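Each remark here refers to the structure printed beneath this line.
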2 protein chains.
Amino acid sequence: MSQTRSPAPAGSSQLIRQLNAQRVLSCMWGREPSTATELMHATGLTRATILTLCRDLTEQGWLEVSENSRQAGQYTKGRPALRYAFREDACHVIGVDAGLHQVTAAVANLRGVEVGCATRPSNPQGSDAPLQPAAERRRTVLDTVDAALGQAGLTHADVACLVIAVPAPVDSDGRSPKGLNAFWSLMNPELITLGAEHGWDCAVDNDANLAALAELDLQSSGPDDSFAVILSGERLGAGLVMDGRLLHQARGGIGELGMLDLVQGVESANGLGWWARHLAREALSRTPGHSGALGQVTAEEVTSEDVFAAADAGDQLALEIMDQLADRLARICVVLAGLLDLDRILVSGAIAPALTDVAARAKEKLAQHLYAPWLQIEASTLGAHAVRRGAIRLAVDRIKDQALHPGPAA
Amino acid sequence: MSQTRSPAPAGSSQLIRQLNAQRVLSCMWGREPSTATELMHATGLTRATILTLCRDLTEQGWLEVSENSRQAGQYTKGRPALRYAFREDACHVIGVDAGLHQVTAAVANLRGVEVGCATRPSNPQGSDAPLQPAAERRRTVLDTVDAALGQAGLTHADVACLVIAVPAPVDSDGRSPKGLNAFWSLMNPELITLGAEHGWDCAVDNDANLAALAELDLQSSGPDDSFAVILSGERLGAGLVMDGRLLHQARGGIGELGMLDLVQGVESANGLGWWARHLAREALSRTPGHSGALGQVTAEEVTSEDVFAAADAGDQLALEIMDQLADRLARICVVLAGLLDLDRILVSGAIAPALTDVAARAKEKLAQHLYAPWLQIEASTLGAHAVRRGAIRLAVDRIKDQALHPGPAA
DNA sequence: CCGATTAAATATAGAGGCTTAATATAAGCG
DNA sequence: CGCTTATATTAAGCCTCTATATTTAATCGG
């Protein structure tokens, strides 16, 4: 009788080889070159094992021997050790921030360092102008990607993975809800299929989720911390990291903040940028002859940037608006941190740099509603780059996960 | 030079043995007896391997050979297969629901089946009476545990793990915040130390979290679903399961619902039982001569049970109150499901059986605030047992995790 | 009652992986 | 040039899994 066996052709002893190879590669990924002795301490494996693993990984294209064997070393006696270096250019990835008004694409190496970047306008700024049709938006994304590749001096064949961030919920297949909300479909017109054109691995995800991944990459605190990233431009979106893991659901609706309609003092999921403009317009039409810095613009033309600039200049009206923004933010933080017991909340997005004081003020106001002295509320230092950085991070992670199952592009 | 090695004494080849043993034990845990052939298909391992693993596990006390080798089998020809059975009585666990007013302890075998149960009153019902001091509450818990053991006919030595559920946030060390809230300290007066008295493994956790674990055990849907369990007696608490994993934080504050203060139409974290009583009292004092079923009790004496019974009897006043409860519940669900994109929300706790209609009504009202037709809102079938069942489940899980690292109590 | 059939358990051989320990190599140093 | 030092390589041994052959324990039919 034949012994039926599961489809695993690996003799189940090779599994441990895979496992150890993964451990070694993890130790070296994106790090400085290492000697076998260093890896022995890091992994607990023997020298003989480490060296064979490194040889294998070198053959597969993930590592290379760096010549400066002893220059970097701290010792001077004995036979110089081989130094294996992570090949950060074994292949490249592309991260795209496909925002409402502009698309930014960056090419990065496996360390996540950008080697090329390009931006193209997408939809016009006027809020009543029609949105780009699906085909046009797809072309915009591809054009931006090609421009970034050109700047990096790389070709399609050098790329292994493409990740696209969109301002819409995205399910686990990379699709956004259809019909329900035309905006979402137009933001993500089946972008997941773009990767197939060049044979790239491809993923699409929500912009706030990816911004959260980018913050996770910074390792500002321990690996177990939990935080939310609030992406706050015109609309609000949140990405949630719990215990160092990005929360994700099959439907992709996590972090949608429509429920803020029900929260007192917030009453909408409009972003802080939207509110800044809205409150300024309202205030300016109430007091037409405002003499401060904010009085330089008309109620119809005022933008959030005007408000932030006026607040910087000490304009009283603008400062009051900032205080109202802080109040809104504080209440949002109460909901998120109260329910999820977060360690910190980061405000991200293009307007983040202008919100440092608002975040600090929100932290003060928080105590009115919630006892959470440990909670940090801060403006992200990544600002407008957060989403794109997160896309790159996810792309690199995907390559890392795929490593050692097939070989790399080399 | 000596080859320094990590503290792993296992020759790194034994690791795969451990791994396979775990897989086999997982396949058998709490299940019907299996033959080697069945395990071969389940694990993908060879017969020879399976049999040696089963022998090992039998020696360690986790499995035993069941005699009915062929009776249960579907075949009648050939040599009869050995049948290995999971030893559900290799050791026992205790789950305790240490509620505000009463403490319930249950002894269960490794399948989670209760073999003994006992209940003791804890704090008096009057809301203004002083709470039990710490030492007294600790003694109550121990007494209840001993009573349950007695009923099961087991001794302290038969127990491997004790899990206690308390109505307070609990951090990863099993402690509740001190000082901040005297109630919490009195609910959880260092109960984590009780296990040490008999050398049992011990854990303390929040009651809503454990109720969520209990629901997870039921496997009502796939292993990847996400849901919240709302424990709703006097106060509200929630346990959150995302992607089949119970969310947990170092501080233990997850699922605290104090932030509902800010939600329109909810405005407090008081439970549905509290609101039923409160609304009834208010209504009865507004219309003193109410003629329906609810009119049988005075405004001062009315309880939530009275309201539920009157609603069942068709009392108009009670039905209006139920509708208000549904409205509150719907809004809570909007916040939880809107933010976390949940698949379902379960209302649990002792009053759950009375809330079937309220849950259904809440589901209808939900659509006013949130598009989520996939969301199920239901009353838990576990009702008053949910917390205790969850404690047992966690205890069994802990034993399962510890398995194969030390040997069992056998 | 005995042989044929069947399916499972056991025994044996082989391959792959890791560790250990011995051996070889590549420097620096006096 | 030989000694010292630290590393790389190699060979031996052990463990675990698979694969195949052999043995065992039952049913069934004559």
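In what follows, chains are A, B, ... by sequence order, proteins preceding strands, each numbered from 1. If you're wondering where the values come from, they're calculated on a predicted model, not measured in any experiment.
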Checklist outcome for this item: Here the distance between atom P of C:dT20 and atom CZ of A:Arg47, to the nearest Å, is 13 Å
Checklist entry - Just by modelled atom types, is the B:Trp29 backbone N or O under 3.5 Å from a matching donor or acceptor in the B:Trp62 side chain? => result no
Checklist entry - Between atom CD1 in A:Ile50 and atom C1' in D:dT9, what is the gap in whole Å? => result 16 Å
Short heteroatom pairs, N/O only, protein and nucleotides 4-6 of chain C, under 3.5 Å:
residue : atom : partner : partner atom : Å
C:dT6   : O2   : B:Gly78 : N            : 3.3

Checklist outcome for this item: Among the nucleotides D:dT16, C:dC18, D:dA19, whichever has the atom closest to the side chain of B:Thr46 is D:dA19
Next on the checklist: Which nucleotide wins on minimum distance to the side chain of B:Thr37, given the candidates D:dA26, C:dA8, C:dA9?
Outcome noted: C:dA8
Next on the checklist: Of the listed nucleotides (D:dC17, D:dA8, C:dC18), which one gets closest to any side-chain atom of B:Leu45?
Outcome noted: D:dC17
Next on the checklist: Tell me the interatomic distance from B:Leu19, atom CG, to D:dC15, atom C1', rounded to whole angstroms.
Outcome noted: 15 Å
Checklist entry - Can you name the residues that form a salt bridge (charged side-chain N to carboxylate O under 4.0 Å, His left out) with A:Arg251, not counting sequence neighbours? => result B:Asp341, B:Asp343
Checklist entry - Mind checking what makes salt bridge (charged side-chain N to carboxylate O under 4.0 Å, His left out) contact with B:Arg393, not counting sequence neighbours? => result B:Asp217, B:Asp397
Item to check | Side chain B:Thr43, main chain B:Val24, donor-acceptor under 3.5 Å | outcome: no
Checklist entry - Sequence neighbours excluded, which residues qualify as salt bridge (charged side-chain N to carboxylate O under 4.0 Å, His left out) partners of B:Glu32? => result B:Arg111
Checklist entry - Within this structure, what is the CZ-to-C1' distance between A:Arg55 and D:dT7, rounded to whole angstrom? => result 13 Å
Next on the checklist: I want to check one thing: is the phosphate of C:dG17, taken as OP1 and OP2, less than 4.0 Å away from some side-chain N or O of A:Thr49?
Outcome noted: no
Checklist entry - B:Ala36 has a side chain; which of C:dA9, D:dC17, D:dA25 sits nearest to it? => result C:dA9
Item to check | Listed nucleotide nearest any side-chain atom of A:Arg17, set D:dT18, C:dC18, C:dT19 | outcome: C:dC18
Next on the checklist: Holding to side-chain contact (heavy atoms from CB on, under 4.5 Å), I want the full list of residues that pass it with A:Glu64, two or more places apart in sequence or in another chain.
Outcome noted: A:Ala85, A:Arg87
Checklist entry - In whole angstroms, how far is the C1' atom of D:dA25 from the CG atom of B:Leu82? => result 11 Å
Checklist outcome for this item: side-chain contact (heavy atoms from CB on, under 4.5 Å) filter on A:Glu197, not counting sequence neighbours, yields A:Arg138, A:Leu142, A:Leu194
For residues 49-57 of chain A, run the donor-acceptor check on the side chains, cut-off 3.5 Å, and write out each pair with its distance to 0.1 Å, sequence neighbours left out.
residue : atom : partner : partner atom : Å
A:Thr52 : OG1  : A:Ala48 : O            : 3.2
A:Thr52 : OG1  : A:Thr49 : O            : 2.7
A:Asp56 : OD2  : A:Arg17 : NH2          : 3.1

Item to check | Whole angstrom value for the distance that separates P of C:dG17 from CZ of A:Arg23 | outcome: 16 Å
Checklist entry - Taking only residues two or more places apart in sequence, or in another chain, which ones meet A:Asp201 in a salt bridge (charged side-chain N to carboxylate O under 4.0 Å, His left out)? => result A:Arg398
Item to check | B:Leu51 CG to D:dT16 P, straight-line distance once rounded to whole Å | outcome: 16 Å
Checklist entry - Counting just side-chain N and O atoms, does A:Asn20 come under 4.0 Å of either OP1 or OP2 of C:dG17? => result no
Checklist entry - When the distance from CD of A:Gln18 to P of C:dC18 is rounded to whole Å, what number comes out? => result 11 Å
Item to check | Per-nucleotide pairing state of DNA chain D [Watson-Crick or G-U, under 3.5 Å; [ ] pseudoknot-crossing; | other strand] | outcome: ||||||||||||||||||||||||||||||
Item to check | Minimum side-chain heavy-atom gap B:Leu213-B:Asp205 below 4.5 Å | outcome: no
Item to check | Among C:dC18, C:dA8, D:dA26, the one nearest B:Pro80 by side-chain distance | outcome: D:dA26
